[in-house]
Amino acid sequence: MTETVAVAADHGGYEMKCALLPELRALGFAVIDLGTNSTDSVDYPSFAKLVSDAIESGTAQRGLLLCGTGIGISIAANRNAKIRCALAHDATTARLARQHNDANVLALGARVIGLEIAKDCLKTFFTTEFEGGRHARRVALMS
Ligand code: RB5
């Protein structure tokens with residue numbers, strides 16, 4: 001079954017979101033773009049909630065969130081107990097977020113990393129499996 005990824009950004013992440021959507025589709029994912037749809041100022045918690053709700057309801061299996069730093073939108077997403085949102089600035093962090101933390105949402109800071117780094121993070125995060133084992137116990141303890 002094709003995995004669906006819900007994607008959203010605030011105004012700080014809008015342009016990088018536009019650049020990453022085709023990358024995500026090229027990896028074979030179905031993509032739901034939940035906005036924002038311009039560089040007009042918006043509030044990142046609202047967009048974090050759209051992605052969190054999509055995952056909680058089963059509409060999407062994983063998510064991608066972007067804001068200026070990735071900090072605000074990741075904090076907001078992690079308010080939902082179903083979400084394990086990891087803010088990554090490099091492919092190694094993105095890989096470990098999947099292998100060790102079974103992160104289901106990737107957050108990126110569009111004002112602090114360049115597009116090529118963002119693409120590396122994206123590809124690594126969405127193609128790396130959770131290792132399970134001792135990490136599964138730790139992930140379960142969070143709930
Ligand atoms: C918006 O100016 C900015 O605060 C937001 O994109 C993000 O960086 C917050 O954490």
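Please read these numbers as outputs of a predicted model, since none were measured by experiment. Ligands are counted one by one from 1 in listed order, and the atoms in each one are counted from 1 as well. Note: hydrogens, waters and symmetry copies are ignored here, and every other heavy atom, side chains too, is used.
Note: the hydrophobic cluster containing L115 also contains L106 (ILVMFWY, side chain heavy atoms under 4.5 Å, direct or indirect links).
In this structure, the side chain to side chain contact (heavy atoms under 4.5 Å, CB included) partners of A9, at least two apart in sequence or on a different chain, are K17, L66.
Enumerated by chain and number, the residues approaching ligand 1 to less than 4.0 Å through a heavy atom are D10, H11, Y44, C67, G68, T69, G72, R111.
Remark: the S46 side chain and the D43 side chain contain no N/O donor-acceptor pair separated by less than 3.5 Å.
Through direct or indirect side-chain contacts shorter than 4.5 Å among Ile, Leu, Val, Met, Phe, Trp and Tyr, Y14 is connected to no other residue.
Under 4.0 Å is where a charged nitrogen must lie from a carboxylate oxygen, and between E3 and R62 at least one such pair does.
Listed by first and then second residue, the ring pair (Phe, Tyr, Trp, His ring centres under 6.0 Å) pairs involving residues 99-132 are F29-F126, H100-H135 (not counting sequence neighbours).
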